[in-house]
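Inspection log for the structure reproduced underneath, given as structure tokens.
Throughout, numbering of the chain's residues begins at 1 and tracks the sequence.
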Amino acid sequence: MAIESPDQYEAAIEHLLQMLFLATERPGQLMTTDLREHLALAAQKRDRHGDFGAARLLIEWADRIDAAAERTDPAPE
């Protein structure tokens with residue numbers, strides 16, 4: 001994992017805060033199952049703006065959310 005610069009963390013965290021505000025202001029609007037997709041879209045946006053570190057962070061966080069979701073809600077057999 002690369003160590004990203006503070007401005008890349010700031011750009012990535014801004015997207016997380018936007019998602020948190022949405023979830024707080026409009027309960028039910030942002031579903032847990034959609035978090036990965038929202039983070040992936042945010043990563044694409046950061047990548048288009050040249051914020052490659054922020055994009056990597058957002059994808060990493062999306063992967064961690066997926067892994068946590070799988071641990072707490074395993075797929076049916």
Side-chain angles (χ1 to χ4, degrees):
M1 180 175 112
I3 297 176
E4 306 301 346
S5 65
D7 62 321
Q8 295 301 295
Y9 273 95
E10 182 180 357
I13 290 169
E14 181 63 32
H15 284 285
L16 288 178
L17 286 174
Q18 289 173 2
M19 291 172 57
L20 180 59
F21 290 142
L22 176 64
T24 303
E25 293 171 352
R26 296 184 181 165
Q29 184 81 16
L30 181 62
M31 305 303 293
T32 304
T33 54
D34 298 330
L35 289 176
R36 171 126 194 25
E37 182 179 345
H38 284 282
L39 288 172
L41 290 172
Q44 289 175 359
K45 180 179 178 182
R46 296 287 24 120
D47 194 67
R48 283 194 305 273
H49 290 281
D51 294 328
F52 306 116
R56 283 190 297 270
L57 288 166
L58 289 162
I59 290 297
E60 179 186 327
W61 296 342
D63 291 344
R64 291 175 70 182
I65 288 171
D66 271 353
E70 288 176 10
R71 286 192 305 271
T72 59
D73 189 21
E77 295 180 15

query: How far apart are the C-alpha atoms of Trp61 and Leu35, what are their side-chain angles, what is the distance that settles it, and do they pass the side chain to side chain contact (heavy atoms under 4.5 Å, CB included) test?
result: CA-CA 10 Å; Trp61 296 342; Leu35 289 176; over 6 Å; no
field: Closest non-hydrogen atom pair between Ala54 and Ala11, with its separation
entry: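 Smallest interatomic distance, heavy atoms only, reads CB-CB, 3.8 Å.
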- prompt: When clusters are formed by joining ILVMFWY residues with side-chain heavy atoms under 4.5 Å apart, either directly or through shared neighbours, do Leu57 and Leu41 land in the same one?
  reply: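 They do not share one cluster, since no chain of ILVMFWY contacts under 4.5 Å joins Leu57 to Leu41.
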task: Identify whether Leu58 and Phe52 are in the same connected component of the hydrophobic contact network (ILVMFWY, side-chain heavy atoms under 4.5 Å).
output: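 Different clusters.
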- prompt: Nearest 0.5 Å, what's the NE2-CD1 distance between His38 and Ile65?
  reply: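 One finds 11.0 Å between NE2 of His38 and CD1 of Ile65.
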Arg64 side, atom CZ; Leu39 side, atom CG - distance, nearest 0.5 Å: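 Result: 12.0 Å between the selected atoms.
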message: For a 4.5 angstrom cut-off between non-hydrogen side-chain atoms, does His15 reach Lys45?
response: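 Yes; the side chains approach each other to less than 4.5 Å.
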field: Side-chain heavy-atom pair Ile59, Arg36 within 4.5 angstrom cut-off
entry: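 Contact flag for Ile59/Arg36 side chains = yes.
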Can you give me every donor-acceptor pair (side chain of residues 16-26, partner residue at least two apart or in another chain, under 3.5 Å) with its distance?
{"residue": "Thr24", "atom": "OG1", "partner": "Leu20", "partner atom": "O", "Å": "2.8"}

- prompt: Quick one: side chain to side chain donor-acceptor pair (under 3.5 Å) partners of Asp47, sequence neighbours excluded?
  reply: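 Asp47 satisfies side chain to side chain donor-acceptor pair (under 3.5 Å) with no other residue.
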